[in-house]
Amino acid sequence: MKQKIFRSTILVAIAVLCASFLIIMSCLYTYFEGIEKAQLRDELNLAAAGTQSSGLDYLNNLESSAYRLTWISQTGEVLFDSKADEETMENHGSRREIRDAFQKGEGSDSRYSSTIMEKTHYFARKLEDGTVLRISVSRASAGLLLIGMVQPVGIVLILAAILSVILSGQAAKRITKPLNELNLDSPLDNDAYEELTPLLQRIHSQHQKIDTYLRELDRRKREFDQVTGNMKEGLVLLSSKGTVLSINPAAQAVFGTDQNSEGKDFLTVERSVEVSQALEKCGQEGHSEIRRQRPEGEFQFDFSRIDCEGKTVGTVLLVFDVTQRAQLERTRREFTANVSHELKTPLQLIMGSAELIEAGMVSQEELPGFVGKIRSESARLVTLIDDIIHLSQMDDETGIPMEPVDLLDIANQAVEAVRDSADAKNVEIRLTGEPAVIEGNSGLLFELAYNLCDNAVKYNREGGKVFVSVSRSGDSAVIQVKDTGIGIPGEHLPRIFERFYRVDKSHSKQSGGTGLGLSIVKHAAACHQGKVDIKSRPQQGTEITVTFPAGS
Ligand code: ADP
């Protein structure tokens, strides 16, 4: 801007200077030409008077180098010329000023010489004897005068230009200084140029609008951050070019990054090929999802393209922790496969036996054995189905009715329920303890106690012992079942609470086990916020303790 003002000022100064110079020159030229013509007329009058009274004598004695006097006869011949030889001069009768003088008494003319550099003014006057006296003077023309002025004018122009440069520079500085010092943060506080007031007022109102927008934007961002910050799911907003616009804390934890990843390309935050392919697929199809196993667990990435007026403006990525869901799905799949297998085996035995009997291939002696197998396998099926029903009831924890239940009572019922099988195996079973009432479900607690006692008898040796005790420890209630049976090898202990897990499959099956007993124990304890501890040594025995916390 300073440069522009500077250049404009110089140009204006030079243009004004040149124009003024030309105007002044032409005025002066016209003025002096007028004066000269008047003087010339006076001189002619004087010379005319002299010539009329003394004729050639007067003209010959006249000494004037400034003017040229020419005396012309009535026929136009030159009688006298102060600057040339009249003998050699042509007839002047046709010259305009002479012609006018013959006709009107006076005549004048101005003629340029062969070049336009010189101009001659002529004045002629008719004398009383009919002759004409002409006076003339030659002067440089205005063009020549201008050429002659080139040097001084040039010097003046250069000086004027230098002066203009200095003054323009200062003027430009002076003009732009207040503009440079404008405080645009508070436009109305400025006191620069009056002409700037409307502009400053507009800037002020724009400021106010921008401030309002910014405050609103800030409020919305805080709201957005608050919402996304508390989300369990990871949320990443990507621009149409794949740059991270926003990433919430949950997503930062999954990708092992921080807020600084905002503004970076998403593929530098997550480098896996599968994820970049899913992002690409989302760009083409509008949506894509992918599951990835990471050290922190299993995650599902859902990409959704955001379109606005037919143009892709970005992508939303939602990250879900599906570790638990995946584990549940796996367990369910395994469970279904196990249940099918466990149901199929006894059913095949039952069907096979029935088919043999039907085909008459079983002798009368063998018949009781086959019928007994059908009965025992059917009994196993019933137990298995009962156990599955119990487990599925416990899976759906909601709606389990709770009431005050005495654990000693429950333990007594369980002991009585297994007494026959204990007697059959010559296993002594003893119950000791004190009443311990907890808030619980008597059905589930019976299943828990029954399975513990049943296992203690099942996996005991001939003549072994089972000790069942119920006690209170502080506010907690404890039921413990201890046996002197075959025990469990250490490597199996971490898995024996899994559904259908059995240490010795054949032994378990032989003794009517389903592989679900300890799962039921674990679930029943969990339904009462109880904790199960197990201690076992092969060939020495097993001790399982369930502790129910205060308040349960
Ligand atoms: P099952 O119906 O086969 O008994 P459980 O879930 O009750 O299934 O027990 C799982 C496995 O743990 C059993 O197959 C058995 O090998 C072992 N087990 C459970 N309780 C005892 C115990 N008191 N003594 C020895 N082994 C046991």
Side-chain angles (χ1 to χ4, degrees), residues 331 334-335 337-339 341-346 376-395 411 414-415 417-419 421-422 424-431 444-469 478-527 530 532-546:
T331 313
E334 277 171 23
F335 184 69
N338 278 324
V339 166
H341 177 76
E342 295 291 333
L343 288 174
K344 213 171 153 191
T345 316
S376 69
E377 288 303 318
S378 304
R380 233 166 72 74
L381 270 178
V382 171
T383 318
L384 184 66
I385 291 166
D386 276 350
D387 281 354
I388 292 169
I389 290 169
H390 287 138
L391 267 175
S392 57
Q393 276 171 349
M394 279 183 271
D395 277 344
V415 166
V418 299
R419 186 160 307 278
S421 50
K425 218 173 168 185
N426 198 20
V427 170
E428 186 191 336
I429 182 158
R430 209 184 292 165
L431 170 67
L444 290 184
L445 289 170
F446 173 76
E447 286 297 327
L448 180 145
Y450 173 80
N451 276 294
L452 290 179
C453 293
D454 188 43
N455 280 353
V457 173
K458 263 195 311 195
Y459 302 106
N460 221 317
R461 55 190 164 75
E462 195 57 34
K465 285 189 170 65
V466 174
F467 303 102
V468 182
S469 69
V478 181
I479 178 166
Q480 188 183 66
V481 179
K482 193 173 164 185
D483 65 64
T484 56
I486 59 170
I488 304 166
E491 68 269 24
H492 293 282
L493 284 177
R495 297 199 59 192
I496 53 164
F497 290 98
E498 287 175 20
R499 292 173 187 191
F500 297 108
Y501 189 82
R502 283 174 280 215
V503 176
D504 181 348
K505 235 175 179 158
S506 59
H507 188 168
S508 168
K509 277 193 176 168
Q510 228 175 29
S511 51
T514 59
L516 294 173
L518 286 184
S519 295
I520 293 173
V521 170
K522 192 178 119 188
H523 264 71
C527 288
V532 185
D533 288 307
I534 182 162
K535 283 184 200 153
S536 186
R537 294 182 73 182
Q539 306 313 322
Q540 289 196 13
T542 304
E543 179 186 301
I544 298 181
T545 310
V546 184

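The analysis underlying the following values was restricted to heavy atoms, covering all of them including side chains, and did not include hydrogens, waters or symmetry mates. As the structure lists them, so they are numbered: ligands from 1, and atoms in each ligand from 1. Nothing fancy with the numbering, it's 1 onward along the sequence.
The pair Lys344-Glu342 does not count as a salt bridge, with every side-chain nitrogen at least 4.0 angstrom from each carboxylate oxygen.
Looking at ligand 1, you won't find any N or O of Arg502 less than 3.5 Å from one of its N or O atoms. Geometrically, ligand 1 and Lys458 share a nitrogen or oxygen pair separated by less than 3.5 Å. When only interatomic distances are considered, the shortest N/O to N/O separation between Gly515 and ligand 1 falls below 3.5 Å. For ligand 1, the polar-atom distance check against Ile488 finds no nitrogen or oxygen pair separated by under 3.5 Å. Any N or O atom pair closer than 3.5 Å counts here, and Ser519 shares no such pair with ligand 1. Not one N or O of Ile486 is nearer than 3.5 Å to an N or O of ligand 1, by distance alone.
Of the heavy atoms in His492, none comes closer than 4.0 Å to ligand 1. When non-hydrogen atoms are compared, ligand 1 lies under 4.0 Å from the side chain of Asp483 (C-beta onward) but not from its backbone. In Phe497, neither the side chain nor the backbone holds a heavy atom less than 4.0 Å from any atom of ligand 1.
Note that the CD1 atom of Ile488 and the CG atom of Leu493 stand 5.5 Å from one another [nearest 0.5 Å]. The NE2 atom of His492 lies 4.5 Å from the OH atom of Tyr501; values are rounded to the nearest 0.5 Å. Separation of atoms NZ (Lys522) and CD1 (Ile544) is listed at 13.0 Å; rounding is to 0.5 Å.
Counting only non-hydrogen atoms, the option in Asp387, Thr514, Val481 that gets closest to atom 2 (O) of ligand 1 is Thr514. Closest heavy-atom approach to atom 9 (O) of ligand 1 within the set Leu518, Leu452, Val521: this belongs to Leu518.
Distance alone, capped at 3.5 Å, is enough to place a donor-acceptor pair between the His390 side chain and the Asp386 backbone.
Within the structure, the closest approach of Gly487 to ligand 1 falls below 4.0 Å when heavy atoms are considered.
The environment of CZ in Arg419 is crowded: more than 12 heavy-atom neighbours from other residues, nucleotides or ligands sit within 6.0 Å.
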Apply side chain to side chain contact (heavy atoms under 4.5 Å, CB included) to the pair Leu391 and Leu516, showing each step before the final yes or no.
CA-CA 8 Å; Leu391 267 175; Leu516 294 173; 3.6 Å; yes
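The Tyr501 neighbourhood of ligand 1 comprises atoms 10 (C), 11 (C), with distances under 4.0 Å to a heavy atom of that residue.
Between the side chains of Arg499 and His523, at least one donor N or O lies within less than 3.5 Å of an accepting N or O. For the 3.5 Å distance criterion, the side chains of Thr545 and Asp533 fail to qualify, holding no donor opposite an acceptor.
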